[in-house]
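Small disclaimer: the values here were computed from a predicted structure and weren't measured. Throughout, a chain's letter reflects where its sequence line sits, starting with A, and its residues are numbered from 1.
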Amino acid sequence: MTKNWKRNLIGGLSFTSMLFIFQACYGTPHDVGYDVLVEGIVKSKTTGQPIKGIKVAPYNDMQQVFTDENGNFSFYIFAENGIGLRFEDVDSTQNGGFATKDTILNTFTSQVFVNIDLDNK
Amino acid sequence: MIQLIKQTVFRKFKQIETEVHELNYLFWECTTRCNLNCLHCGSDCAKDSKFQDMPLADFLAALDTIESKPAHFTVVLTGGEPLLRKDIETCGREIRKRGMRWSMVSNGLLYDKEMHIKLLNAGMGALTFSLDGLQESHNWLRNNKNSFAKVDLAIDLAVCSPRLNFDVVTCVNKRNVTELPEIYKYLLNKGVKAWRLFTIVPIGRATENEDLFLTNQQFKETLDFIANMRKLNQLDIKFSCEGFVGKYESKVRDSGFFCRAGINIGSILIDGSISACPNIDRSFAQGNIYKDNFYQIWQTKFEAFRNREWTKTGECKNCSDYKDCQGNGMHFWHGNKENVLTCHNHKLKNAILG
């Protein structure tokens, strides 16, 4: 404990916090970024049944994930204030036809769960 | 005077870091299969490795022994080429489930848009691609005529993700040393924010090719180039942590030389060996996850890494810079360990003397 205290003091006072953030010669930089684990389930508003194949994507980002046969999805996305997510039926009528829905997540936690109901087209 | 105080405090800092030896950076050599056959490979990886990829469950069992995980504990997937593993996404998600971050070193050959999205979805937070020159020199070193085109596309994908702490690394050699300014411009144009430069360690396949190693003068020119470009503040360019560079220390890096192998950096190698950076001589392995408790080994062994007095031999024996260098990077001690493979400081001094 004493050593940790000294470690933080010397590291903090002498140079910068970057002393603790390094990259090994043949490694990557440390991951010091922020992200959120967004998980959820997408169901039909009419039947209450989970919907497979719905594309879930943050606004203005190439990231995307698709719901599985139980309507579940899960992905890590860049943490910023007010995460915009779009839920979109992109497989035509293969799993039914549903209207696109947008939602904004205001979260400051590292993990969030969302329940989404989609209207029929 | 200020420099002397800084030097003294930094030495003390290194001493405390060594005593605390907090593990916060763990390499996982998840495969030794590779889709390239690079001229400089220190691991002698091959398309058909003699080792099977380590099963994820085996690695996770070792990871689960870690009792104390600092906030930015990062698991670095390395190889071989990690993208050859079909379960790379699952590997990442399982690491994140345990409250750790993960990152990857890749040659970029298999890194396309679909892969990029999959890995981001799985919580990848940092990424490094190797770029060893412009098209001709990169393809020469990588021994593959499509390698540059592939990594060029991979870099485009990585730079457009604000989530990723991304950098490019370059092994400087006789063929690409003169094109460093052009590579610099290329990276700036691509929107890359961080660039690390290495020299090549004379191990593995690299020992067979004299073109891979810089002369003393070329090495000095490389550091001069880094020092000059850092003044422009356009790109976070730095010399890697591979070795002590004397008077250049404050000019080419953010902080002084500190080989953290076995102090903050550990590894689980392809055969289960417990060590530090994967390019360190395998005889330094401290245990094996298939018979030892990984974290117990980390906490109680690693004497050779945490007390480097044994490196006071050969040309290090009477060196006046030993207190700051402590035998250079651990990966420069191979074979009989009677002498350091490369002394960057001597190379620079010899270059200055002509």
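- For a residue to count as touching a neighbouring chain, one of its non-hydrogen atoms must lie under 4.5 Å from one of that chain's; by this rule B/A261 does not touch chain A.
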Item to complete: Determine, stepwise, if the pair B/H116 / A/M62 fulfils side-chain contact (heavy atoms from CB on, under 4.5 Å).
Response: CA-CA 9 Å; B/H116 178 64; A/M62 72 167 76; 3.5 Å; yes
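- Looking at B/C259, neither its backbone nor its side chain comes within 4.5 Å of chain A, counting heavy atoms on both sides.
- Here the side chains of A/F75 and B/R93 are in contact, with some heavy-atom distance below 4.5 Å.
- Within the 4.5 angstrom heavy-atom criterion, atoms from both the backbone and the side chain of B/L120 approach chain A.
- A/Y76 does not carry B/R163 over the face of its six-membered ring by the limits of under 6.0 Å from the centre and within 45° of the normal.
- Put simply, the residue from B/L164, B/N165, B/D236 that forms a side-chain contact (heavy atoms from CB on, under 4.5 Å) with A/P29 is B/N165.
- The local environment of NZ in A/K43 is sparse, with at most 12 non-hydrogen atoms from other residues, nucleotides or ligands closer than 6.0 Å.
- Within a 6.0 Å radius of NZ in A/K101, more than 12 heavy atoms belonging to other residues, nucleotides or ligands are found.
- In this structure, chain B has no heavy atom under 4.5 Å from any part of A/S110.
- Atom-to-atom distance recorded for B/S161:OG and A/I77:CD1 is 11.5 Å, nearest 0.5 angstrom.
- B/R101 contributes atom CZ, which lies 12.0 Å from atom OG1 of A/T28 (distance to the nearest 0.5 angstrom).
- Going from atom CD of B/E114 over to atom CD of A/Q64 covers 9.5 Å, rounded to the nearest 0.5 Å.
- Taking B/P162, B/S240, B/A194 one by one and counting their heavy-atom pairs under 4.5 Å with chain A, the maximum is reached by B/P162.
- B/V105 touches chain A through backbone and side chain together, each having a heavy atom under 4.5 Å away.
- Heavy-atom distances place no part of B/K14 under 4.5 Å from chain A, backbone and side chain included.
- In the displayed structure, B/K69 atom NZ is contacted under 6.0 Å by more than 12 heavy atoms of other residues, nucleotides or ligands.
- By the 6.0 Å contact criterion, OH on A/Y59 is enclosed, its count of non-hydrogen atoms from other residues, nucleotides or ligands being greater than 12.
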Discussion item. Determine whether B/H72 and A/D31 satisfy the following criterion, side-chain contact (heavy atoms from CB on, under 4.5 Å), listing intermediate values before the conclusion.
Written reply: CA-CA 6 Å; B/H72 297 296; A/D31 174 17; over 6 Å; no
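- When B/F73, B/Y25, B/F166, B/F129 are compared by the number of non-hydrogen pairs under 4.5 Å with chain A, B/Y25 comes out ahead.
- Residue A/E80 does not touch chain B at all, counting heavy-atom pairs closer than 4.5 Å.
- Between A/G27 and B/T128, the shortest heavy-atom distance links the atoms O-OG1, 3.6 Å.
- Residue B/K118: no heavy atom, backbone or side chain, is found under 4.5 Å from chain A.
- The CG atom of B/N121 sits 11.0 Å away from atom CG of A/D35, with the distance rounded to the nearest 0.5 Å.
- Contacts of B/C241 with chain A are made by both backbone and side-chain atoms, with heavy-atom separations under 4.5 Å.
- With a threshold of 4.5 angstrom between heavy atoms, B/R96 approaches chain A through its backbone and through its side chain.
- Here A/H30 contributes atom NE2 and B/T74 contributes atom OG1; the two are 4.0 Å apart, rounded to the nearest 0.5 Å.
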